[in-house]
Amino acid sequence: MNRYERINAELKKQLSIILREGVSDPRVAGKMICVTDTQVDTDLTLAQVYISILGANGKEQEVLDGLHSAEGYIKSRLKNMIKLRSMPALRFKLDTSYDYGTKISKIIDELHKNESKASEDNQE
């Protein structure tokens with residue numbers, strides 16, 4: 001595991017802890033936020049943080065805005081948890097891969113149901 005992979009793994013772990021413990025911003029409070037991935041750039045000045053939000057009810061952008069405004073607080077907590085010369089800026093992005101996977105799964109299930117129905121109709 002190279003240095004960037006270790007930093008990404010540690011960022012993901014510590015961000016998950018911070019977000020689970022809660023951020024006081026009302027746009028973020030009470031939402032279940034899962035950090036799905038982190039990617040730091042090669043000079044460690046920027047970290048893309050991919051998150052999945054449960055309980056946002058269509059207000060994902062509002063939650064992202066709340067996380068952006070809480071970036072200073074989150075970075076100060078991270079500085080105490082991770083020893084880096086300088087903490088990268090955090091850019092929170094919505095990870096829609098779970099929603100996409102669920103959509104594809106529903107389509108496949110529907111196709112199987114239709115196939116089974118057609119097979120039953122042909123046997124009669």
Side-chain angles (χ1 to χ4, degrees):
M1 185 181 277
N2 70 32
R3 179 174 187 234
Y4 298 107
E5 290 171 343
R6 285 192 311 268
I7 292 171
N8 282 324
E10 192 62 23
L11 270 175
K12 181 178 174 183
K13 177 183 169 186
Q14 299 305 334
L15 281 167
S16 294
I17 291 169
I18 292 168
L19 294 176
R20 184 179 59 237
E21 289 174 354
V23 174
S24 61
D25 191 302
R27 296 172 287 187
V28 178
K31 308 297 187 291
M32 290 185 57
I33 301 171
C34 177
V35 179
T36 58
D37 194 20
T38 56
Q39 296 176 348
V40 294
D41 58 3
T42 54
D43 62 357
L44 299 177
T45 58
L46 179 66
Q48 303 286 344
V49 180
Y50 295 91
I51 60 168
S52 179
I53 307 167
L54 300 174
N57 300 327
K59 297 182 180 181
E60 288 85 2
Q61 188 57 50
E62 189 176 302
V63 174
L64 288 171
D65 292 342
L67 288 171
H68 177 69
S69 70
E71 181 183 352
Y73 166 76
I74 295 169
K75 280 179 66 171
S76 69
R77 295 271 319 267
L78 281 172
K79 285 179 186 178
N80 294 329
M81 300 170 144
I82 302 173
K83 302 302 177 205
L84 288 174
R85 188 171 296 142
S86 67
M87 191 56 61
L90 304 174
R91 295 294 172 260
F92 293 95
K93 296 189 178 225
L94 193 59
D95 183 356
T96 57
S97 62
Y98 178 77
D99 295 333
Y100 182 74
T102 302
K103 180 180 175 183
I104 295 298
S105 180
K106 285 179 183 178
I107 291 170
I108 290 171
D109 289 345
E110 191 65 33
L111 287 172
H112 283 297
K113 285 179 188 177
N114 291 341
E115 241 178 47
S116 296
K117 194 178 214 182
S119 173
E120 289 173 3
D121 290 345
N122 287 339
Q123 289 178 356
E124 292 178 355

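Computation of the quantities below employed the complete heavy-atom set of this structure, encompassing side-chain atoms and omitting hydrogens, waters and symmetry-equivalent molecules.
To the nearest 0.5 Å, atom CE of residue M32 and atom CZ of residue R20 are 10.5 Å apart. Annotation: the span from N80 atom CG to Q14 atom CD amounts to 10.5 Å, rounded to 0.5 Å. Taken to the nearest 0.5 Å, the CD atom of Q39 stands 9.5 Å off from the NZ atom of K93. Taking OG1 of T38 as the start and CZ of R91 as the end, the distance is 15.0 Å to the nearest 0.5 Å. Expressed to the nearest 0.5 Å, how far CD of E5 lies from CD of E10 amounts to 14.0 Å. The CG atom of L15 sits 5.5 Å away from the CD1 atom of I18 when rounded to the nearest 0.5 Å.
Shortest non-hydrogen contact noted between K75 and M87 is NZ-O, 3.6 Å. Taking every heavy atom of both residues into account, S16 and V35 meet most closely at OG-CB, 3.6 Å.
Side-chain contact check for L44 versus R3: some heavy-atom pair is nearer than 4.5 Å. At least one side-chain heavy atom of R27 sits less than 4.5 Å from a side-chain heavy atom of D65. The shortest distance between side-chain heavy atoms of F92 and I74 falls below 4.5 Å. When side chains are defined from C-beta on, Q61 does not count as touching L94, because their heavy atoms never get closer than 4.5 Å. Residues D37 and D95 form no side-chain contact, since every pair of their non-hydrogen atoms from C-beta on lies 4.5 Å or further apart. Residues N2 and R6 have side chains not in contact (no heavy-atom distance under 4.5 Å, counting atoms from C-beta outward). Within the 4.5 Å cutoff, the side chain of D25 has no heavy atoms near those of the Y73 side chain. Contact of the V40 side chain with the L46 side chain is not registered, since no non-hydrogen atoms from C-beta on lie closer than 4.5 Å.
Formation of a donor-acceptor pair under 3.5 Å by the E71 side chain with backbone atoms of L90 is found in this model. Using modelled atom types, one side-chain atom of Y4 and one backbone atom of T42 make a donor-acceptor pair closer than 3.5 Å. With T45 contributing its side chain and P88 its backbone, the two residues share no donor-acceptor pair below 3.5 Å. No donor-acceptor pair closer than 3.5 Å links the side chain of S52 to the backbone N or O of C34.
Here the options are V63, V28, L67, the test is side chain to side chain contact (heavy atoms under 4.5 Å, CB included), and the partner is I53; only V63 passes.
In the hydrophobic clustering of this structure, V23 does not group with Y50; members are Ile, Leu, Val, Met, Phe, Trp, Tyr whose side-chain heavy atoms approach within less than 4.5 Å, directly or through other members.
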Chi angles and distances behind the side-chain contact (heavy atoms from CB on, under 4.5 Å) call for T36, I51: CA-CA 5 Å; T36 58; I51 60 168; 5.8 Å; no

